[in-house]
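What follows is one structure encoded as structure tokens, with my remarks underneath.
All chains are named by letter (A, B, ...) in the order of the sequence lines, taking the proteins before the strands, and each is independently numbered beginning at 1.
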There are 2 protein chains.
Amino acid sequence: MEMTETQVIKAAVIEDIREIREGLTTLINFTDGFRCTGSYRSVEEALTRLNDDVPDVLLSDIGLPGMSGIEGIRIIKARFPLMQILMLTVYDDDDRIFDALCAGASGYLLKRTPPAKLLENIREAMSGGAPVSPEVASRVIKFFREFHTPDRTDYDLTPHETRLLKLLTEGYNYATAAAKLGVSYNTIKFHVRHIFEKLQVHTKSEAVVKAMRDRLV
Amino acid sequence: MEMTETQVIKAAVIEDIREIREGLTTLINFTDGFRCTGSYRSVEEALTRLNDDVPDVLLSDIGLPGMSGIEGIRIIKARFPLMQILMLTVYDDDDRIFDALCAGASGYLLKRTPPAKLLENIREAMSGGAPVSPEVASRVIKFFREFHTPDRTDYDLTPHETRLLKLLTEGYNYATAAAKLGVSYNTIKFHVRHIFEKLQVHTKSEAVVKAMRDRLV
DNA sequence: CCTCTGACTACCCAAATGGGTGGTGACTTC
DNA sequence: GAAGTCACCACCCATTTGGGTAGTCAGAGG
């Protein structure tokens, strides 16, 4: 027994379906280098008993009786910031994936993940990775891409108009923008009118909203 | 030879370092179920010869002589939308990762990825996944998380104020917002003043910018 | 040469907004 | 029962804004 605690990855499970919960516990305990510190039926149960033997990695379902897994990890992550949390669930819709990641999950695996892969993913989480199932990775990246490249509808703004629009989004009014750009108040009004025409809006507020949404600034 | 073309994954490589390029080509050709349709030293070369035998998956370096891999995949993806493109590179900085994904890359692998893993990732890309190295996944998710949860500074807006603020970001003015919410113009002004106080701003434009930045709406 | 465009300035007037005051009623919490 | 919060409404007045018209000037390009 020279392999010490430092080498062994301690994992715990929150899952309400008995067969799955016991299957995971067995899988973890019967694999070299892993130890299951606990298996819980609900977030509430985990919260009271997690302190007995704090795991390195926590696998959690989302659809749980009582508090949902998403809410659960928010609380658990706040209490144990270093614990790596992996969602292990059947849900693969965007909202749940993003909510889970934002709540503090390090990874998001679908339940059909094969056992060997699952153990590999736990190791990956421990070494700072973010294990996600292929479908999930694909969704995250798709979302990210859409968010980051807004089809570049640039409305043909001239450089000056763009600069002015940027100032407007930063809270400048016409007078202060005029001072900032070193031109007269009337010039600002002139350019603003052009911006409105190009953006198809009629107020400063609409213009700044459009500028921010379409990432013109 | 009963295994037909439909089963074989056709891959191509863009990589300027000869050893790596030939290593990848050999790896792909000597693996069952894969065939290498071409290996190119630059994006320019790939563009002229890719049509000879169009691959399903393209592995590309980023640091290439002439056009960079990022610019390259933007062009290639536009010309061959169905082609899955994987970046295979030494760079792991955020900017390059995000630029590549936005330019149309399906995945982003670091060059230290072991051969077996690499082949698995090519298969994953073919089946609609988004293979990324663990470090890369971690960065994408971290970025995503920061972007999506802006520290929830909620300024204690009441439900009504939040509704009104949302309308303002949608281009409503006081009069139309009043009609929409079924209250009087003066009531809108009253609430708007409170919103301004809580958000510490003095104009509608500043309020909508703040609302959008802090994802209050 | 002439035209076009971008950038610039000015004046006028109407509409929208910002900020101050005053008040009502309902509902919760202490 | 008092204090607080939320929602509601009104009047006043100054400032900001939106939109129209009417110009100048410099540089690019046919």
Could you check how far [atom1] of [X] sits from [atom2] of [N], rounded to whole Å?
X: Asn186(B); N: dT21(C); atom1: CG; atom2: C1'; value: 12 Å
X: Glu206(B); N: dT16(D); atom1: CD; atom2: P; value: 12 Å
X: Phe190(B); N: dG22(C); atom1: CZ; atom2: P; value: 14 Å
X: Arg193(B); N: dC6(D); atom1: CZ; atom2: C1'; value: 15 Å
X: Arg163(A); N: dA7(C); atom1: CZ; atom2: C1'; value: 10 Å
X: Tyr185(A); N: dT17(D); atom1: OH; atom2: C1'; value: 6 Å
X: His191(B); N: dT17(C); atom1: NE2; atom2: C1'; value: 17 Å
X: Tyr174(B); N: dC11(D); atom1: OH; atom2: P; value: 19 Å

Q) Is there a side-chain polar atom (N or O) of His194(A) under 4.0 Å from OP1 or OP2 of dT5(C)? A) no
Q.
Is there a side-chain contact between Thr158(A) and the phosphate of dA7(C), meaning an N or O under 4.0 Å from OP1 or OP2?
A. yes
Q. Relative to the ring of His194(A), is the ring of Phe190(A) parallel (under 30°), tilted (30 to 60°) or perpendicular (over 60°)?
A. tilted
Between the side chains of [Y] and [X], is the shortest nitrogen-to-carboxylate-oxygen separation below 4.0 Å, so that they form an ion pair?
X: Glu45(A); Y: Arg49(A); answer: yes
X: Asp94(B); Y: Arg139(B); answer: yes
X: Glu135(B); Y: Arg112(B); answer: yes

Q) Do the side chain of Lys204(A) and the base of dG18(D) come within less than 3.5 angstrom through a donor-acceptor pair of N or O atoms? A) no
Q.
Need one value for Ser184(B): base, sugar-phosphate or nothing, where a base atom within 4.0 Å counts as base even if backbone is also close, heavy atoms only.
A. sugar-phosphate
Q) Ser205(B) or Lys189(B): which one's nearest nucleotide on DNA chain D is closer to the 5' end? A) Lys189(B)
Q: Choose from dA7(D), dT16(D), dG19(C) the nucleotide whose nearest atom is closest to any side-chain atom of Asn173(A).
A: dT16(D)
Q) Can you tell me how far OH of Tyr108(A) sits from CG of Leu88(A), rounded to the nearest 0.5 angstrom? A) 10.0 Å
